[in-house]
Amino acid sequence: MTSPEPHRSSGSSPPTSSAAIDAALRSGLGVGPSTAAVHAGEARQKLADAITDPIVSASTYTFPSTRAILDFIEQDLPREEYGRYGNPGERVVEDKLAALDGGEMAVLFSSGMAALVGVLMAHLSAGEEVVFFDQCYHRSREFCRRHLTRFGVGFREVKTGDYDAMEAAINPRTKMVVSESPTNPHLSIVDCARFADLGRRHGVLTLIDATLCTPYNHRPLADGVDFVLHSATKYLGGHNDLLAGVVVGSKGKMEPVRNLRGIMGGINSPHNCYLLERGLKTLALRMERHNANGLAVARFLESHPRVERVFYPGLESHPYHAVAKESMRGYGGLVTFLVKDADWQQTSRVVDAARILRIGPSLGGVESLIEQPLVMSYWNYSPAERQTFGIGDNMIRLALGIEDTADLIADLGRALEA
Ligand SMILES: *Cc1c(COP(=O)(O)O)cnc(C)c1O
């Protein structure tokens, strides 16, 4: 596969002076993804000369005088004021995430959904429309269908990967088009350059929810997409111990998002920001293992006699393999498969027989998870709706963690014999 090196600006020579090296580390430009994950966004010397950033547990910040308040307001000085508008740890994480995704500004939210709601509310007004590819997270689409429409914002969905249908759905009211890449649980991959081009030609904003690939595997902003969004609850945090979300884009397009967040109040506590910063340090290392486990398990399942079909973009049998291979460094830890000739109860028995993989929703943490989408996410949907969403009774979704590949394969092998 091609190995994009999205974090190195090609052609420029590596920095040599110590000031230039500091600047490269802080900005994440001119260094590799793991170096950026460890150092980007951080000051070289910190409080008390500690190597780690402090957790500043303050809801408010004081001024030495009235003059200092007026200077802050009039000169837009870089300092804190009140916790709902930001905290020092959050700014470090935002700068690190902006560097990793190659964007000018990142705005951190208290969850992935808060981030999605924030960016849509900041950029859509009554009388305008948003178009989604239909494999996007069902809560994201539900927010548009049930709630944005109450404020006069139109919502349309088209079949995932059908760029002609997306183009046909765009009209003078359309303001933004949205997709995920990869999607969940089918792992369809969007050609982000084509998606961005479509947006540019029609003068509409483009947003990719890149939660499942992370900036380690693919950076949609480099393809010209306007906004990239992540549920940082997943791979970015990486340890199944926090919720957070982030949107990254140009300063001009992100300022309204930051201003609205200050009013909505969906900010992270300083403690949560610290957990996220800590998790991000190992992003590249973890993703290498998630990618390796994903590909090895997908290949194992594809050759297993009790498996009907495997969805994994790294497999040549996957409908989006070509675009994935072209654009991604690796394919992540999510693997979806269908158990051969199994009804929903027989499929549940495979889930229940796993000993290392834990039964639960979510993905992207160090612990491997297993679930049956029918039960976990679609139990209250009609069979017709499930068919529309492509959720089979015999479908199992794995969110592979960083355990040893051989142990995961042995566990799944045992479970499939059950
Ligand atoms: C989990 C997830 C979300 C929602 O994020 P939360 O942090 O749970 O609010 C949005 N998009 C994708 C692709 C997700 O996996």
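Each residue takes its place number in the sequence, starting with 1. Counting convention: from 1, in listed order, for ligands and their atoms alike.
Between H321 and Y331, the ring-plane angle classifies as tilted under the 30° and 60° cut-offs. A perpendicular orientation is assigned to the rings of Y381 and H138, their planes being inclined by more than 60° (bins at 30° and 60°). Taking the six-membered ring where the residue is Trp, F311 and H318 present perpendicular rings, their angle passing 60° and hence far from 30°. Using a 30° and 60° split on the angle between ring planes, F133 and Y163 fall in the perpendicular class, above 60°. Ring pair F132/F155 is perpendicular by interplanar angle, where above 60° counts as perpendicular and below 30° as parallel.
Close contacts of ligand 1 with D209, meaning ligand atoms under 4.0 Å from a residue heavy atom, involve 10 (C), 11 (N), 12 (C), 13 (C). Annotation for ligand 1: atoms under 4.0 Å from non-hydrogen atoms of A244 are 7 (O). Close approach of ligand 1 to E180 (heavy-atom distance below 4.0 Å) involves ligand atoms 13 (C).
Residues V248 and K253 form no side-chain contact, since every pair of their non-hydrogen atoms from C-beta on lies 4.5 Å or further apart.
Closest protein heavy atom to atom 4 (C) of ligand 1: Y137 CE2, 3.7 Å. Of all protein heavy atoms, the one closest to atom 8 (O) of ligand 1 is S231 OG, 4.1 Å.
Between D95 and R91 there is no salt bridge, since none of the side-chain N atoms of the basic residue sits less than 4.0 Å from a carboxylate O of the acidic one.
The proximity of S140 to ligand 1, defined as any non-hydrogen pair under 4.0 Å, does not occur for either the backbone or the side chain. Proximity of K234 to ligand 1, defined as any heavy-atom pair under 4.0 Å, is confined to the side chain (atoms from C-beta onward).
Close N/O approach between M113 and ligand 1 is found [any backbone or side-chain N/O within under 3.5 Å]. The shortest N or O to N or O distance between G112 and ligand 1 is below 3.5 Å.
The closest approach between any non-hydrogen atom of A114 and ligand 1 is not below 4.0 Å. Ligand 1 lies out of reach of N184, whose nearest heavy atom is not under 4.0 Å from it.
When all heavy atoms of Y320 and T160 are compared, the pair lying nearest together is OH-O, 3.5 Å.
When L242, T233, L334 are checked for heavy-atom proximity to atom 7 (O) of ligand 1, T233 turns out nearest.
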